[in-house]
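The next block holds one structure in the form of structure tokens; read it before the comments.
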Amino acid sequence: MMKQKTVQTLVAVGLLITMILSLTACGGRKEPMTGKEFKRFMGEEKGLEIVDQTESADSDDYQYVLVALDEDKYSFEYYFMRNDMTAEGLYTYAVENVRSQYENKNGSSFTEVKSGEKGDFAMSSSEYYVRVIRHANAVLYITAYPDAKAECKDIIKEIGY
């Protein structure tokens, strides 16, 4: 009888641990969104203008380049690269570029979190809100006017980045 209770307790604890680990894993996307998902969500669900700029990319490293925009508020540029290494290079270039443009401006603040194949950089100033997010071989680059910052953050959460 004692052995059965011990087994039941161990099973219950195991299930609890599995549930906790599953819930913590739900915090973001497992894989980068596809171009089709980006177009559907940003175009159909959010009503933004979608511009495919893949043909204007200056390298074969880009599988596609899509821009979703509302000219009065923000733009979401989505770069889907051939591999993780080129995405990391694009992410680093974008972050360094934003830092160099805004590091000496009063009121500019920066945050960055990097872990494995993910990176998340944000810059806020009185002029713009910029966010650069890398996930595996994809980079999402957001530029917004300060009054649209909260809306951008909501969209980023909705797409799981």
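Every value quoted in this text rests on a predicted model; they were computed, and no experiment measured them.
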Any chance you could measure Q101, atom CD, to E127, atom CD, to the nearest 0.5 Å? 10.0 Å
For the residue pair N83 and N137, establish whether any side-chain heavy-atom pair is separated by less than 4.5 Å. no
For E112 and F121, which heavy atoms make the closest approach, and how far apart are they? CB-CD1, 4.1 Å
Flag yes if V95 and L90 sit in one hydrophobic cluster, no otherwise; membership is Ile, Leu, Val, Met, Phe, Trp, Tyr, and two members link when side-chain heavy atoms are under 4.5 Å apart. yes
Minimal non-hydrogen separation, V65 against D52, with atom names: O-OD1, 3.4 Å
Could you give me the CA-CA distance, side-chain angles and deciding distance for Y62 and T54, then say whether side-chain contact (heavy atoms from CB on, under 4.5 Å) is met? CA-CA 7 Å; Y62 299 88; T54 306; 5.6 Å; no
R134 side-chain N/O to A136 backbone N/O, donor-acceptor pair under 3.5 Å: yes
So does K46 have more than 12 non-hydrogen atoms from other groups sitting under 6.0 Å from NZ? yes
How many angstroms lie between atom CD of E37 and atom CZ of R40, to the nearest 0.5 angstrom? 7.0 Å
Side chains of L66 and F80: closer than 4.5 Å at any heavy-atom pair? no
Considering all heavy atoms, the nearest K149-S124 contact: NZ-OG, 2.9 Å
What distance do L48 atom CG and L69 atom CG have between them, rounded to the nearest 0.5 Å? 7.5 Å
Please step through side-chain contact (heavy atoms from CB on, under 4.5 Å) for the pair I155 and F41, ending with a clear verdict. CA-CA 10 Å; I155 292 171; F41 179 78; 4.0 Å; yes
Hey, does R131 have a side-chain heavy atom less than 4.5 Å from the side chain of K153? yes
Given Y141 and V98, is the side-chain contact (heavy atoms from CB on, under 4.5 Å) satisfied, shown in steps? CA-CA 11 Å; Y141 184 93; V98 172; 3.6 Å; yes
Same apolar cluster: V67 and V139, side chain cutoff 4.5 Å: no
The reported gap from OG in S109 to OH in Y102 (rounded to nearest 0.5 angstrom) is 12.5 Å
At what distance, to the nearest 0.5 angstrom, does OG of S108 lie from CZ of R99? 11.5 Å
Nearest heavy atoms of H135 and P32, plus distance in Å: O-CG, 3.3 Å
Ignoring hydrogens and angles, tell me if any N or O in the side chain of T86 forms a donor-acceptor pair with the backbone of M81 under 3.5 Å. no
For side-chain contact (heavy atoms from CB on, under 4.5 Å), just list the numbers for T34 and Y64, CA-CA rounded to whole Å, side-chain angles, deciding distance to a tenth of an Å, and then say yes or no. CA-CA 10 Å; T34 65; Y64 48 82; 4.1 Å; yes
Tell me if the CG atom of D60 is crowded by more than 12 foreign heavy atoms within 6.0 Å. no
For Y128, does the OH atom have more than 12 heavy-atom neighbours from other residues, nucleotides or ligands under 6.0 Å away? no
Going only through I, L, V, M, F, W and Y residues with side-chain contacts under 4.5 Å, is there a path from Y79 to M42? no
Any luck finding a side-chain donor-acceptor pair between S100 and E96 under 3.5 Å? no
Gap between atom CG of D147 and atom OH of Y129 - 0.5 Å precision: 13.5 Å
Could you check whether atom CD of E71 has more than 12 heavy atoms from other residues, nucleotides or ligands sitting under 6.0 Å from it? no
For the residue pair F38 and Y78, categorise the inter-ring angle as parallel (less than 30°), tilted (30 to 60°) or perpendicular (more than 60°). parallel
Report whether Y93 and I142 are members of the same hydrophobic cluster (ILVMFWY, side-chain heavy atoms less than 4.5 Å apart, transitive linking). no
Do you know the tightest heavy-atom contact between F110 and M123? CE2-CG, 3.3 Å
Any L140 side-chain heavy atom under 4.5 Å of I159 side chain: yes
For the student: nearest non-hydrogen atoms of I156 and F76, plus distance: CG1-CE2, 4.2 Å
